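See below for the structure under consideration.
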Amino acid sequence: MLENKFKSEFALKASEAFKTVYADKYKEIGDEQVFNSSFILDNIEKPKDSTKGRFAFPVFRHGKLLGDNPPSIASKITEAINSSDKNLISVSSIAGFINIQTDFNVEAAETISDVIKNDSNYGSSDIGNGKKILVEYSSPNIAKPFGVGHIRTTILGNSLRRIFLKLGYDTIGINYLGDWGTQFGKMIVAYKKWADPTLIDKETVSDLLALYVRFHEEAEENKSLEDEARDEFKKLESGDSENNALWEKFRKISIDEFSRVYDIMGIEFDWITGEAFLNDKMESTIDAFEKANLVSESDGATIVDLQDEQLPPVLLKKADGATLYLTRDLSGYLYRADKYKFDEMLYVVAVNQSVHFQQMFKALTMLEDAQSVPDDKRISTKGKHVDFGMIKFGDKMMSTRKGHIIFLEDVIKEAAKLAKEKIEEKTPDLENIDEIALQIGLGAIFYSQMSVRRQKDVNFRWEEVLSFEGETGPYLQYTHARLSSLMRNYKGTIDADIDFSLLDCPEEKRIVELVTDFKQAIADAARVYEPNMIANHLIELAAAFNKFYQRKDTEGRIDKIISDNTELTKARIVLVKAVQVVIKEGLYLLGIKAPEAM
RNA sequence: GCCCUCGUAGCUCAGUAGGAUAGAGCAUCGGUUUCCUAAACCGAGUGCCACAGGUUCGAUUCCUGUCGAGGGUACCA
């Protein structure tokens, strides 16, 4: 890897320099810490201000060890390194920091040819080869509409799936539908009581929602409805044919609707399953906990007690014998572990379910403790709740039960409509206006979810989600369209074998650095399950490019990329191509399309 | 009560393996287009990084406590 070339050269040279400059101390202490090149390598960092240097190495902690003050150490080491044979780096020192400047031509040549050669595969890696990761996301509930409340899990999960695929993981995106549970008892009660006979077999998700909302309204007055719902669910679970037919009906209506919306959004899954899939797998799960002696009975319910862990008990079965969400999730975990032998199982689920996952992972740990499973065979350590904050609306939580819901599709339609108006104003000759408008509308919506780190609560604000200016999805898309336009206007050939020393203005250097660092942004995003890091990086790159694009010369004229200077143009256009590739691929990782014109 | 997360500019947020004078966008004001896409670019101002301690050469970042906001806390998911 390119970065390492510079870093390891520094580490080796610095190690030598320390040994020479502080020879006495080296004899005394030996080859550790300061004198050890791999220690130095590990402690190389990046200056916040990129003009200081490509990398930096602080020497504060060496003060005591070497009996010298940090600024002095830094300057002595700097001098020693600079007096050695020059290769790819040079250094300078300020106040205890050694700043490392790299050979721009070497970096540019490697990075740019890497991008040109690999195109959309630039930034791919094999660090995930041989590893399997499952990502569960979206997971809407059947018989409820797709509201903006589902937007974060859907967009985040879709992005994580793509990121892990890019890093070489065998990745399986799972949509785990909420197609079972007491809510179906409610739906069945509501349907039997109030379904509009003229709509039979023509119901839409909205009709189902109306029934669901009505159930909760009436249940406020009439508490016995909740009991009726539990009874109907119990009947469903024990195979009642009428209820089962209703369940099938609700399920089909919903899945058809979801697929349509996923299709519009470009959301992909590898496996669409649901809670009901686990119905015949729960007995064995409960058995396993019983055999491990972890099960007890409390108030008629079958539980795994977690009092020692300061957690509420796991309810495997309710007092009426019906199962719960957690029972099914446990079964699902065991089933997936057995079927896929995963290395990681990610649950992209809102933070308000964190106790649920703590209970689940704890119960699994206790099960494996009881079974004396050796550490290297454990699966309970492989689950991870990738949590994210809640979406509020006007500072209030949204509630499906009360019908306080904004349909995701309405948001998409509104965004696309505004994008279309903007296109008609700016580029009325554009082909496929509706298609591009949808891409831009979705870009705005997706980015609005990606620009904030996942653990923050967010307020849903129309004006924010529908913004096309500043740090937004459309800004990135616009930059991509600009880049694409340049590529169309350039008539020559693209050849990465050019003289990179021609790219000598600071803006161009900055762009090359950001293109190089795209790889790191992907790796960081994967490490903390945070696509936000890719989004931030793309904004920086796009901003750097736009600045370069509109750079003016000393006479105040735009310094154009395509000019009469053919050699310079060749060099710059290769840079343009590289930025285009990175922005397009970065957007892809976020789930956003990159139109060539807009 | 207890547990978890969050608290950075007027607003929305970056700052995620502790580092050098804390950065963007929006909003406000001013400027840039004989047009390589102005959905852009340039310039202007604002911060007791909630508060108080601690660890460290160094803390917005780690630890403890306080305050504030949100969420959760056995038969919903």
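Quantities reported herein were computed from a predicted structural model and do not represent experimental measurements. We use all heavy atoms of the structure for the numbers below, so side chains are in, but hydrogens, waters and symmetry mates are not. Each chain gets a letter, A, B and so on, in the order its sequence line appears, and its residues count up from 1.
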Any side-chain N or O of [X] less than 4.0 Å from the OP1 or OP2 oxygen of [N]?
| X | N | answer |
| --- | --- | --- |
| A/Lys48 | B/rA22 | no |
| A/Lys560 | B/rC35 | no |
| A/Tyr475 | B/rA38 | no |
| A/Asn532 | B/rG15 | yes |
| A/Arg453 | B/rC6 | no |
| A/Lys552 | B/rU32 | no |
| A/Arg454 | B/rU5 | no |
| A/Arg328 | B/rA77 | yes |
| A/Gln455 | B/rU5 | no |
| A/Arg230 | B/rC76 | yes |

Under a 3.5 Å cut-off for both contacts, is [N] paired Watson-Crick or G-U wobble with anything, and if yes, with which nucleotide?
| N | result |
| --- | --- |
| B/rU73 | B/rG1 |
| B/rU56 | none |
| B/rG45 | none |
| B/rA9 | none |

Q | Shortest non-hydrogen contact between A/Val314 and A/Ala363, atoms and distance | A | CG2-CB, 4.1 Å
**Q.** B/rA20 base stacked by A/Phe97 (centroids within less than 5.5 Å, tilt under 30°)
**A.** yes
[atom1]-based separation of [M] from [N] [nearest Å]:
| N | M | atom1 | value |
| --- | --- | --- | --- |
| B/rU12 | B/rC6 | C1' | 15 Å |
| B/rC29 | B/rU73 | P | 48 Å |
| B/rG7 | B/rU16 | P | 12 Å |
| B/rG45 | B/rU8 | P | 23 Å |

Counting any heavy atom closer than 4.0 Å, what does [X] reach on the DNA or RNA strands: base, sugar-phosphate only, or nothing?
| X | answer |
| --- | --- |
| A/Ala350 | nothing |
| A/Ser563 | nothing |
| A/Glu464 | sugar-phosphate |

Q) Should we say atom NZ of A/Lys76 is surrounded by more than 12 heavy atoms from elsewhere, each under 6.0 Å from it? A) yes
Q | Test: A/Asp49 and A/Lys52 ion pair at under 4.0 Å | A | yes
(Q) Parallel, tilted or perpendicular: which one describes the rings of A/Phe60 and A/Phe97, with boundaries at 30° and 60°? (A) perpendicular
Q: Quick one: sort the A/Tyr325 and A/His356 rings into parallel, tilted or perpendicular, breaks at 30° and 60°.
A: parallel
(Q) Is it the case that B/rA20 (base atoms only) and A/Asn99 (side chain only) share a donor and an acceptor within less than 3.5 Å, ignoring hydrogens and angles? (A) yes
Q) Does the side chain to side chain donor-acceptor pair (under 3.5 Å) test come out yes or no for A/Asn536 and A/Glu540, once each step is laid out? A) CA-CA 6 Å; A/Asn536 288 343; A/Glu540 266 192 78; over 6 Å; no
**Q.** For atom NZ of A/Lys392 and atom P of B/rU5, their distance in whole Å
**A.** 17 Å
Q: Grab the NZ-P distance between A/Lys46 and B/rG18 for me, whole Å please.
A: 16 Å
